[in-house]
Each structure stands twice: as structure tokens, then as C-alpha cells.
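Below you'll find the structure, written out as C-alpha cells, and then a few comments.
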2 protein chains.
Amino acid sequence: MSEKISEKFSRGELLNVNCPSREVLKRVTSRWSVLIFLALRHNTLRFSELRRAVGGVSERMLAQTLRHMEEDGFVERIAYDVVPPHVEYRLTPLGQELQGQVVGLADWLELNVNRILAPRDKA
Amino acid sequence: MSEKISEKFSRGELLNVNCPSREVLKRVTSRWSVLIFLALRHNTLRFSELRRAVGGVSERMLAQTLRHMEEDGFVERIAYDVVPPHVEYRLTPLGQELQGQVVGLADWLELNVNRILAPRDKA
DNA sequence: CGGCATCCCTGGTGATACTG
DNA sequence: CAGTATCACCAGGGATGCCG
């Protein structure tokens with residue numbers, strides 16, 4: 001019985017409360033991770049470069065989000081043992097795959113934002 | 001000068017703090033809207049049906065998220081003037097377009113969740 | 001049935017200061 | 001440079017009760 005549970009949630013179960021994908025979805029769609037995916041789309045970036053690239057992010061949230069993305073296997077952290085410290089972040093192959101989906105969503109939004117916001121301005 | 005501002009943010013500016021797409025992104029990637037997009041993927045659903053379809057959502061958040069999605073033009077609310085009340089929700093054409101992007105992300109997550117979660121279980 | 005109003009509390013987030 | 005630690009705030013979200 002119990003060994004069947006994992007199979008039960010193999011697909012199409014995001015709508016189920018207990019679907020393990022829910023947790024991942026929550027982190028992937030979190031406020032800053034989407035923007036970090038965009039920033040790392042083509043580049044490997046250092047912490048401070050990321051901070052400048054992602055407008056409005058605080059050090060705290062950038063570090064926290066990067067740690068989560070690293071835990072999820074989307075981001076690789078490369079630390080050079082020098083002074084002053086030098087750390088680079090880049091997307092893993094898994095992260096690159098997901099980035100494709102995230103960018104698809106983001107691009108659609110940027111292209112169509114006027115269709116969304118314009119009607120509201122008239123009201 | 002000022003009339004140029006809207007053009008400045010026409011594309012590739014999600015990383016900018018002041019990009020108007022930021023607000024839309026926030027609502028689209030909010031906890032429940034993603035799941036509502038999935039639930040309304042193929043069907044028109046009533047409020048109570050949506051409540052059952054989207055596991056774990058409270059009445060309050062379902063109503064609130066639906067209102068936001070309606071304001072953004074993604075969801076159409078159809079109220080029949082009968083007793084007891086009968087209200088249906090369905091995606092607008094705009095919502096259908098966005099749904100394609102959201103579903104792409106969700107499907108990828110469900111298909112690859114094991115590649116994400118499995119490594120952590122070993123640790 | 002399909003909500004809205006209210007209370008309440010957790011946790012996500014920002015600001016600041018500090019460290020290796 | 002690349003973070004961590006601490007504090008404080010308030011929006012997100014759950015629970016409950018009421019209404020057309």
C-alpha cells in the first residue's frame with residue numbers, strides 16, 4: 001500500500017494538497033527566484049553582480065533565495081578561496097531546463113503586460 | 001520625456017525595480033493563482049467545484065485570488081441570477097494564453113520533481 | 001451557494017550592523 | 001567581497017461567523 005503513494009503523485013497531482021511538487025512550486029515561484037533565473041539566463045554572475053542585476057533585492061533575500069535554489073539543484077555555487085572572497089553563481093543543467101519554462105512565462109508577461117494593465121488604467 | 005517612460009519598460013525590464021510587470025508577475029506566481037490556472041485548464045468551474053479542485057485553498061483565498069485574476073483579465077466570472085446562487089469561472093482568451101506558460105512550468109515541475117527531491121532524500 | 005467582514009497569527013521581507 | 005545575525009514590520013493566509 002504505502003509504496004504506492006509516491007506513484008500516486010507522479011503526475012497531474014499539483015492540485016492535490018499533499019503533492020510534493022507543491023513545495024518546489026512555492027520556491028520556484030517565490031518573489032526573487034524568478035528574477036534570479038532571468039539574471040542568470042545567459043551569464044555566470046558574482047554575488048554583488050547579481051545584487052545589482054536584480055533590482056530591489058536585499059542582501060538577505062538574495063543570499064536566502066540562492067541557498068534555496070542551490071538546495072534544489074538549480075544553481076551551482078563556485079567559491080574561489082582568495083581574499084577578498086570571490087563567489088560565482090550559475091545555473092546547473094537542471095536549472096537551465098527550468099529556466100526555459102520560467103523565461104517563457106516572464107517573456108509572455110513582458111510582451112503582454114500592456115494588454116493587462118491598459119484596461120485598468122481606463123477604469 | 002515622460003511619455004517615453006512606458007516604452008522604456010516595454011521588454012526585458014523585469015529585472016528593473018520599477019518595471020510594471022513586477023506587480024503582474026507577483027499576482028500570477030502567487031500561491032493559489034497558479035493552481036487555479038491548472039484547475040481551469042480545460043473546464044469552466046463553479047466556486048465550490050474550484051474549492052474542491054484546488055486542494056487546501058480556503059474560501060477566503062479562493063475568492064480573493066479569483067478577484068485578482070478577474071481584475072487582471074485572466075478569468076471571467078459568470079453569475080446566474082438564481083437562488084441558490086450559481087457562479088461559474090472560466091479563463092478568458094488572455095488567460096488561456098498565460099495558462100499555456102503556467103502549465104508549461106507546472107508540467108515540467110511535476111515531471112522532474114523526482115530529480116529535485118530525490119538527491120535531498122539521500123542526504 | 002457564493003461570497004464578505006473580522007480577528008489573529010505566522011513567516012516572508014527589509015534595514016541595519018557585524019564578520020571572515 | 002560575500003555573506004551572517006538581529007530586530008522589527010506587515011502582508012499573506014487560516015478560522016470563524018454572517019449575509020443575500
Side-chain angles (χ1 to χ4, degrees), chain A residues 14-19 22-37 39-40 43-72 75-90, chain B residues 14-19 22-37 39-40 43-72 75-90:
Chain A
L14 253 178
L15 292 176
N16 188 305
V17 211
N18 300 320
C19 180
R22 282 274 184 102
E23 278 307 301
V24 183
L25 179 69
K26 199 170 176 179
R27 287 194 295 272
V28 168
T29 60
S30 73
R31 180 168 184 190
W32 301 112
S33 67
V34 175
L35 301 178
I36 293 176
F37 271 112
L40 293 178
N43 321 100
T44 293
L45 291 180
R46 302 182 58 168
F47 187 87
S48 51
E49 291 172 332
L50 262 172
R51 181 125 156 72
R52 280 187 294 273
V54 180
V57 69
S58 66
E59 285 184 8
R60 175 170 144 60
M61 293 315 299
L62 180 57
Q64 185 178 112
T65 308
L66 282 171
R67 234 182 301 117
H68 286 150
M69 294 175 76
E70 194 189 355
E71 286 171 16
D72 288 336
V75 160
E76 184 180 5
R77 181 182 185 277
I78 307 146
Y80 300 93
D81 195 7
V82 293
V83 284
H86 184 125
V87 182
E88 293 184 346
Y89 294 90
R90 72 169 137 183
Chain B
L14 252 177
L15 291 177
N16 188 304
V17 211
N18 299 320
C19 180
R22 281 274 184 102
E23 277 308 300
V24 182
L25 178 69
K26 199 170 177 179
R27 287 194 294 270
V28 168
T29 60
S30 73
R31 180 167 184 190
W32 300 113
S33 66
V34 174
L35 301 178
I36 293 175
F37 271 112
L40 293 179
N43 322 98
T44 293
L45 292 179
R46 303 180 57 167
F47 187 87
S48 51
E49 290 172 333
L50 263 172
R51 181 127 156 72
R52 279 188 295 272
V54 180
V57 70
S58 65
E59 283 183 8
R60 181 186 192 283
M61 292 316 299
L62 180 58
Q64 186 178 111
T65 308
L66 282 171
R67 232 182 304 118
H68 287 149
M69 294 175 75
E70 195 189 354
E71 286 170 16
D72 287 336
V75 160
E76 184 181 6
R77 182 180 184 277
I78 307 146
Y80 300 92
D81 194 9
V82 295
V83 281
H86 183 124
V87 181
E88 294 184 346
Y89 293 91
R90 72 170 135 181

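This structure is a prediction, so every number in the text was calculated from the model and none was measured. Per chain, numbering begins at 1; letters A, B, ... match sequence-line order. The figures here come from the full heavy-atom set of this structure, side chains too, leaving out hydrogens, waters and symmetry mates.
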Verify side-chain contact (heavy atoms from CB on, under 4.5 Å) between B:Leu14 and B:Arg22, making sure each step is shown before the conclusion. CA-CA 6 Å; B:Leu14 252 177; B:Arg22 281 274 184 102; 4.3 Å; yes

The nucleotide from C:dG2, D:dG13, C:dG14 with an atom nearest the side chain of B:Phe47 is C:dG2

Of all the nucleotides listed (D:dA2, D:dC1, C:dG2), which has the minimum atom distance to the side chain of A:Ser48? D:dA2

Could you give the [atom1]-to-[atom2] distance, from [X] to [N], as a whole number of Å?
X       : N      : atom1 : atom2 : answer
A:Asp81 : C:dG20 : CG    : P     : 15 Å
A:Gln64 : C:dG11 : CD    : C1'   : 10 Å
A:Leu62 : C:dA15 : CG    : P     : 14 Å
B:Tyr80 : C:dC1  : OH    : P     : 17 Å
B:Tyr89 : C:dC1  : OH    : C1'   : 11 Å
B:Met61 : C:dC8  : CE    : C1'   : 15 Å
B:Leu45 : C:dG2  : CG    : P     : 11 Å
B:Ile78 : C:dG2  : CD1   : P     : 13 Å

Quick check for you: to the nearest 0.5 Å, what is the distance between B:Arg51 atom CZ and B:Arg46 atom CZ? 15.0 Å

Quick check for you: to the nearest 0.5 Å, what is the distance between B:Leu40 atom CG and B:Leu50 atom CG? 5.0 Å

Least distance between heavy atoms, A:Glu49 atom then A:Thr44 atom: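 That closest heavy-atom pairing would be OE1-O, 4.3 Å.
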
Hey, is the side chain of A:Arg31 poking within less than 4.0 Å of OP1 or OP2 on C:dG11, counting only N and O atoms?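 Negative; the distance criterion is not met.
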
Report yes if a side-chain nitrogen or oxygen of B:Arg52 is closer than 4.0 Å to either non-bridging phosphate oxygen (OP1 or OP2) of C:dC1; otherwise report no. no

Using a distance-only criterion (donor-acceptor N/O pair, under 3.5 Å, no hydrogens), is the base of D:dT16 paired with the side chain of B:Arg60? no

Heavy atoms, side chains only, cut-off 4.5 Å: are A:Gln64 and A:Trp32 in contact?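 They are not in contact (no side-chain heavy atoms under 4.5 Å apart), so the answer is no.
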
Judged by each residue's nearest nucleotide on DNA chain C, which is more toward the 5′ side, A:Lys26 or B:Arg67?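 Between the two, 5'-proximity favours B:Arg67.
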
Using the closest heavy atom to pick a nucleotide of DNA chain C for each, name whichever of A:Pro85 or A:Trp32 lands nearer the 5' end. A:Trp32

Take B:Thr65 and B:Glu59, find for each the nucleotide of DNA chain D with the closest heavy atom, and name the residue whose nucleotide sits nearer the 5' end.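 Per heavy-atom nearest nucleotide, the more 5' residue is B:Thr65.
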
Within the 4.0 Å heavy-atom criterion, would you say B:Arg77 contacts the bases, only the backbone, or no part of the nucleic acid? sugar-phosphate

